[in-house]
Amino acid sequence: LFMWRSSTEMDILDLQSGSLISTYILDIDPAEYTDLNAGWIRFLYTENAFFALSPAGILREYSLPNAELTRSVTLDVPYYIDTYLIQDDILYLYAGYGIGSDTSLLAYNLTSGQKLWELTGLYGTSQEIQFHNGLGYLNTAQGASALDLQTGQILWSTGGSLYGPFLINEET
């Protein structure tokens, strides 16, 4: 269990006993998120690492279980970060240019830090993307949509907006 005590201090607890395994102090400059944006650092956890993305666009990867900094990439991100996920060394980021603005889905190559594409006009979406057979599926303003992950182009949409999450079944 990861528990944040402050924006830069994290405790790792054993789920069975609740005992403290270790405490980590992360090297994150507070100016990254207070001077540029009143938002927060967004965290993502995987089986082998956790990621911290600041509103300044600095993505840090920490290995688990020792929380060693293994990579730091500076990205040109929009003003407001909603959420993000990583697959195959590509970061997919839902972001806007201010609270209440249209939302975009952006893709970044984490090796180079280069923005690959941006899909705009996603206002009112569920901010969810799922991956299946090399495509991304998301709920856009045009309804459920299939996305080419290489180009950011929508391949098809159902029409009409959906509410809430959706599921992908391997058989259908």
Side-chain angles (χ1 to χ4, degrees), residues 1-97 99 103-120 122 125-138 147-153 165 168:
L1 174 68
F2 300 92
M3 295 185 55
W4 292 95
R5 295 198 292 166
S6 70
S7 59
T8 60
E9 190 172 358
M10 173 183 66
D11 288 340
I12 298 179
L13 304 177
D14 181 285
L15 281 178
Q16 298 297 321
S17 67
S19 61
L20 179 67
I21 296 172
S22 57
T23 297
Y24 297 103
I25 307 295
L26 306 179
D27 183 24
I28 298 173
D29 183 349
E32 287 180 33
Y33 56 93
T34 57
D35 291 347
L36 298 172
N37 184 352
W40 301 275
I41 292 177
R42 304 292 192 225
F43 295 97
L44 171 69
Y45 303 91
T46 66
E47 188 174 319
N48 301 317
F50 71 91
F51 299 84
L53 178 61
S54 77
I58 299 172
L59 177 75
R60 292 176 177 84
E61 179 180 356
Y62 298 89
S63 64
L64 289 176
N66 60 359
E68 179 183 329
L69 179 64
T70 57
R71 173 171 43 182
S72 181
V73 180
T74 301
L75 307 168
D76 180 22
V77 300
Y79 179 74
Y80 186 80
I81 300 167
D82 287 312
T83 188
Y84 67 98
L85 58 113
I86 296 170
Q87 181 180 9
D88 300 329
D89 223 27
I90 304 292
L91 176 131
Y92 298 94
L93 170 71
Y94 280 102
Y97 292 91
I99 296 174
T103 304
S104 297
L105 175 65
L106 301 98
Y108 296 89
N109 180 308
L110 292 182
T111 302
S112 67
Q114 176 186 10
K115 181 167 63 171
L116 301 173
W117 50 261
E118 180 174 0
L119 179 61
T120 60
L122 301 178
T125 66
S126 63
Q127 299 178 357
E128 175 186 14
I129 185 170
Q130 294 186 26
F131 301 101
H132 182 68
N133 291 338
L135 298 177
Y137 296 89
L138 65 156
L147 177 70
D148 181 325
L149 296 172
Q150 299 297 314
T151 65
Q153 298 296 310
I168 294 176

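On a predicted model such as this, the values are computed, not experimentally measured, just so you know. Only heavy atoms go into these numbers, but all of them, side chains included; no hydrogens, no water, no symmetry mates. If you read the sequence from its start, that first residue is 1, and numbering goes on from there.
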Next item on the list: Check whether any side-chain heavy atom of Tyr45 sits under 4.5 Å from a side-chain heavy atom of Leu64, and report yes or no.
Entry: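 Side chain of Tyr45 against side chain of Leu64, heavy atoms only: no contact under 4.5 Å found.
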Locate the shortest heavy-atom distance separating [X] from [Y]; write the atom from each residue and the value.
X: Ala52; Y: Phe43; answer: CB-CE2, 3.6 Å
X: Asp11; Y: Thr23; answer: OD1-OG1, 2.7 Å
X: Leu110; Y: Leu59; answer: CD2-CD2, 3.5 Å
X: Ile58; Y: Ser72; answer: CG2-OG, 3.7 Å
X: Leu119; Y: Gly152; answer: CD1-O, 3.8 Å
X: Phe51; Y: Arg71; answer: CE2-NH2, 4.5 Å

Mind checking the [atom1]-[atom2] spacing from [X] to [Y]? Nearest 0.5 Å is all I need.
X: Glu61; Y: Glu68; atom1: CD; atom2: CD; value: 11.0 Å
X: Gln114; Y: Asp76; atom1: CD; atom2: CG; value: 11.5 Å
X: Leu93; Y: Leu85; atom1: CG; atom2: CG; value: 9.5 Å
X: Thr120; Y: Glu118; atom1: OG1; atom2: CD; value: 6.5 Å
X: Asp89; Y: Tyr108; atom1: CG; atom2: OH; value: 15.0 Å
X: Leu147; Y: Leu135; atom1: CG; atom2: CG; value: 8.0 Å

Notebook entry, point to check: Going by the angle between their ring planes, with limits at 30° and 60°, are Phe50 and Tyr62 parallel, tilted or perpendicular?
Noted result: parallel
Next item on the list: Using salt bridge (charged side-chain N to carboxylate O under 4.0 Å, His left out) as the criterion, list what pairs up with Asp148, not counting sequence neighbours.
Entry: none
Margin query: Under 6.0 Å between ring centres: does that hold for Tyr92 and Phe131?
Written below: yes
Note to self: Keeping Ser63 on the side-chain end and Ala49 on the backbone end, is there a donor-acceptor pair under 3.5 Å?
What the structure shows: no
Notebook entry, point to check: Which of these, Ile90, Leu91, Leu106, Leu149, sits in a side-chain contact (heavy atoms from CB on, under 4.5 Å) with Leu116?
Noted result: Ile90
